[in-house]
> 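Take this structure first; my questions come after.
Throughout, protein chains are lettered first and strands after them, A, B, ... in sequence-line order, and every chain is numbered starting at 1.
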2 protein chains.
Amino acid sequence: MKPETRKDEIINTAAKLFKEKGYSAVTMRDLATAMGMKAASLYNHINSKQDLLKAIIISIAEEFTNGMTTIINSEMSNISKLKRVVTLHVDITANNTNGMASLNNDWMHLEDQLEYYLQLRDDYENNFLQIIKEGILASEIKQSNPEVIMFSMLSTLRSLYLWIPKKEDLNANDLAQSLSEVLIDGINT
Amino acid sequence: MKPETRKDEIINTAAKLFKEKGYSAVTMRDLATAMGMKAASLYNHINSKQDLLKAIIISIAEEFTNGMTTIINSEMSNISKLKRVVTLHVDITANNTNGMASLNNDWMHLEDQLEYYLQLRDDYENNFLQIIKEGILASEIKQSNPEVIMFSMLSTLRSLYLWIPKKEDLNANDLAQSLSEVLIDGINT
DNA sequence: TAATTAAACTAACGCTTGTTAGTTTGGTCA
DNA sequence: TGACCAAACTAACAAGCGTTAGTTTAATTA
């Protein structure tokens, strides 16, 4: 654990405020107040408001991409891969709930990085769908509309950021386990 | 079908813009441009930007409340009630996807009506949870964490506004049917 | 002690925001 | 024709926005 720099503190505080009110509704003066300083002082550490959003969203998006790549390239059943996807979401979300809120709700306010973000998201969803389709072909998964299955799973996983902070008693492993039961074993053959 | 008033047109256009960029990022000048007029002219028809948000969100929230009340008071199995809840979401969302986006993402920008909205949402979730708990007691539903089940279902249903516009080929009945299979029959005994 | 540096500050900028006031336009009806 | 009215307009406002420039403070290092 390397110590948190002042810049990191600002990014994390920004993520918390973005979660509460959304990127556009948070002003640099709001952020400064939350940090106990004046707005102008923020610029000793950061370049712009837009850079904060980029720092929050892109790093998480790349975590998902890397995790998915590992899963896709692994040798296991498609059901096991889906369980790994559930764990991936639970783990990333549990350790950055505020950032996940920005990723879900404020990605459209990315400017320079918008195209890159959309590319990552698109690839991710295609990989996800591929696992489901192969699972159906291999008779591991019920013969049902693959896009409906992905939509349902992904909706739930993307909403985790809202739920995990309210249920601190559940640890990440237990939660991933419960979710897998509801989401995956439910669609199992 | 009563004819759409100019005010209704403005509200619907606002909902569309709010869906794309969020309430805070949409300016009255954006809205005016989309309507083909000047910002000041909007105020011949509406009172304030805030009133637009209220008009969009509260009416939908009350639709959900009314629908849930009917379901709760009906005489049917708990599984059937859950299927009715799925249909309720599909129907309301299918016929106002833009408004659903605001309800999901911009409710926190309600001012005077925030408390009322939160009350409706809280009651709705309590009723939802109650159906699941009674379904478990009656052995209609797997013995699993009721809150995880609700969270999973509700996450999916709340994300419908994103998905329905992309799948116009599916009609509401087919979609509700597919979703019920994935969401409910999956957790059936 | 003197020099350096990270991190705060004050003051201000040009621009955008939601909104108000008063005016003009063009169609409807007595 | 003349009165009326819905619905647009122009012009402007005070407040708030992100950001820059230059300065002060207090602790660390040479």
> Indicate whether any N or O donor in one side chain lies under 3.5 Å from an N or O acceptor in the other, for A:Q119 and A:D123.
yes
> Take the protein atom CE of A:M37 and the nucleotide atom P of C:dT10, then report the distance between them rounded to whole Å.
13 Å
> May I have the distance from A:I46 (atom CD1) to C:dA6 (atom C1'), rounded to whole angstrom?
16 Å
> Which nucleotide wins on minimum distance to the side chain of A:S48, given the candidates D:dA11, D:dT19, D:dA8?
D:dT19
> Cation-pi between A:K133 and A:F128: NZ/CZ under 6.0 Å from ring centre and within 45° of the ring axis?
no
> Does the distance from a Lys or Arg side-chain N to an Asp or Glu carboxylate O, for A:E147 and B:K167, drop under 4.0 Å?
yes
> OP1, OP2 of C:dA7 versus side-chain N and O of A:S41: anything below 4.0 Å?
no
> Any cation-pi pair here, B:K49 with B:Y23, using under 6.0 Å and within 45°?
yes
> Of the nucleotides C:dT19, D:dT19, C:dC9, which has the atom closest to the B:M28 side chain?
C:dT19
> Need to verify one output field. Residue with the more 5' nearest nucleotide on DNA chain D, A:Q50 or B:A39?
B:A39
> Can you measure A:D30 atom CG to D:dG16 atom P for me and round it to whole angstrom units?
12 Å
> Can you tell me how far P of C:dC13 sits from OH of A:Y43, to the nearest Å?
18 Å
> Under 4.0 Å between a Lys/Arg side-chain N and an Asp/Glu carboxylate O for B:D112 and B:K54?
no
> Determine: side-chain N/O of A:H45 to OP1/OP2 of C:dA8, distance under 4.0 Å, yes or no.
yes
> Could you work out which one of C:dT10, C:dT17, D:dA11 sits closest to the side chain of A:K38?
C:dT10
> Taking the minimum atom-to-atom distance to the side chain of A:R29, which one of D:dT19, C:dC9, C:dA7 wins?
D:dT19
> For B:K7 and D:dA7, give me the distance from atom NZ to atom P, rounded to whole Å.
12 Å
> Provide, to the nearest angstrom, the distance between the CD atom belonging to A:E9 and the C1' atom belonging to C:dA8.
14 Å
> Starting at CZ of A:R6 and ending at C1' of C:dA8, how long is that distance when rounded to a whole Å?
9 Å
> Taking atom C1' of D:dT24 as reference, at what distance in whole Å does atom CG of A:N44 sit?
12 Å
